[in-house]
Protein chains: 2
Amino acid sequence: MIAPFDDSYFMKKALQEAQYAFESDEIPVGAVIVVKDRIIARAHNLTEKLNDVTAHAEMQAITAAANFLGGKYLKECTLYVTLEPCQMCAGALYWSQISKIVFAARDPKRGYMTLGTCLHPKTKVVGGIMEQEASDLLKQFFAKKR
Amino acid sequence: MIAPFDDSYFMKKALQEAQYAFESDEIPVGAVIVVKDRIIARAHNLTEKLNDVTAHAEMQAITAAANFLGGKYLKECTLYVTLEPCQMCAGALYWSQISKIVFAARDPKRGYMTLGTCLHPKTKVVGGIMEQEASDLLKQFFAKKR
């Protein structure tokens with residue numbers, strides 16, 4: 001049986017968001033938040049456009065999802081994000097009590113795993129879904145900048 | 001010689017913001033951001049009102065200060081906040097490259113110091129300024145909730 005709504009399906013949507021960031025000359029990171037196979041928030045990095053270090057894809061997605069749900073906790077939700085969250089975003093995800101985080105590429109320098117940021121004990125994490133695609137887009141962006 | 005613009009002066013302004021949060025039934029945390037003895041951002045916790053876990057006083061103050069300055073880095077700025085920042089806010093402060101953080105009360109459970117969040121190497125930190133006042137306001141809030 002084919003499962004159309006698997007992790008790759010939603011990560012592709014997050015990658016599409018990352019592509020929008022790339023096209024706007026932003027570090028290409030995208031995110032979607034899903035509840036019961038339905039996307040309730042889409043966002044991409046806007047730190048340059050908004051002149052705001054807090055405008056990471058995940059932060060905007062958390063705010064948008066809470067707005068959609070009418071409550072600040074994301075207990076039944078899954079975040080798909082193309083890059084391992086940073087300390088700030090992992091800290092926000094901690095407060096949100098999100099069920100699951102799926103990320104694509106690792107961020108060995110500034111990712112929350114390396115820096116030891118604490119997630120909520122109920123949050124599950126899956127890494128490496130479509131890692132190559134996400135990583136290639138980031139490399140392409142930074143190569144263009146040099 | 002009297003120095004009117006010392007850390008206590010600005011922490012009182014942050015405490016006033018915390019008082020506004022208290023009066024709105026929000027966990028009473030307030031913040032101001034100062035550059036050259038001038039307050040460029042004021043904020044208090046709005047997580048309940050905005051239904052948004054990211055609406056901590058510090059996060060709003062960072063966004064407002066960057067907006068005022070027209071740039072996303074807060075290299076010449078000092079944040080005054082009535083409670084030790086959490087992982088999310090410390091992570092945002094890391095990205096902002098803020099010069100100095102002055103906080104009042106410690107948060108031994110969820111504060112960034114306990115949880116080991118990494119700040120920018122150039123950021124100086126001072127803790128304990130008007131700790132008693134900030135702590136009393138928080139205790140009064142949680143006593144009211146019980």
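As the structure is a prediction and not an experimental result, all values here were calculated from the model. To find a chain, count down the sequence lines: A is the first, B the second, and so on, and within it residues start at 1.
- The residue among A:E48, A:Q97, A:R110 with the most heavy atom pairs within less than 4.5 Å of chain B is A:R110.
- A donor-acceptor pair is defined here as one N or O able to donate and one able to accept, closer than 3.5 Å; no such pair exists between the side chain of A:Q87 and the backbone of B:A90.
- A:V34 and A:M11 end up in the same hydrophobic cluster when Ile, Leu, Val, Met, Phe, Trp and Tyr side chains are linked at under 4.5 Å.
- The shortest side-chain heavy-atom distance between A:V53 and B:I62 falls under the 4.5 Å cut-off.
- Only the side chain of A:Y94 comes within less than 4.5 Å of a heavy atom in chain B; its backbone stays farther off.
- Residues B:F10 and B:M130 fall within the same hydrophobic cluster, defined by Ile, Leu, Val, Met, Phe, Trp and Tyr side chains chained together at heavy-atom separations under 4.5 Å.
- Proximity to chain A is limited to the side chain of B:C86, based on heavy atoms less than 4.5 angstrom apart.
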Could you please spell out the steps behind the side chain to side chain contact (heavy atoms under 4.5 Å, CB included) verdict for A:T117 and B:T117?
CA-CA 7 Å; A:T117 313; B:T117 313; 5.5 Å; no
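- By number of non-hydrogen pairs under 4.5 angstrom with chain A, the leading residue of B:A55, B:G116, B:G71 is B:G71.
- Follow the hydrophobic side-chain contacts under 4.5 Å out from A:L69 and you reach A:I101 in the same cluster.
- Pairing each heavy atom of A:M88 with each of B:G91, the nearest pair is CB-C, 3.7 Å.
- Taken together through direct or relayed side-chain contacts under 4.5 Å among Ile, Leu, Val, Met, Phe, Trp and Tyr, B:F5 and B:V32 form part of one hydrophobic cluster.
- Within the 4.5 Å cutoff, the side chain of A:N51 has heavy atoms near those of the B:K72 side chain.
- Few gaps surround NZ on A:K144; more than 12 heavy atoms of other groups in view lie less than 6.0 Å from it.
- Put simply, A:I33 and A:V29 are part of the same group of oily side chains (I, L, V, M, F, W, Y) that touch within less than 4.5 Å, one to the next.
- Note: B:S96 leads B:A66, B:C89, B:S96 in heavy-atom pairs under 4.5 Å with chain A.
- Considering OG1 of A:T54 and CH2 of B:W95, their distance stands at 12.5 Å, rounded to 0.5 Å.
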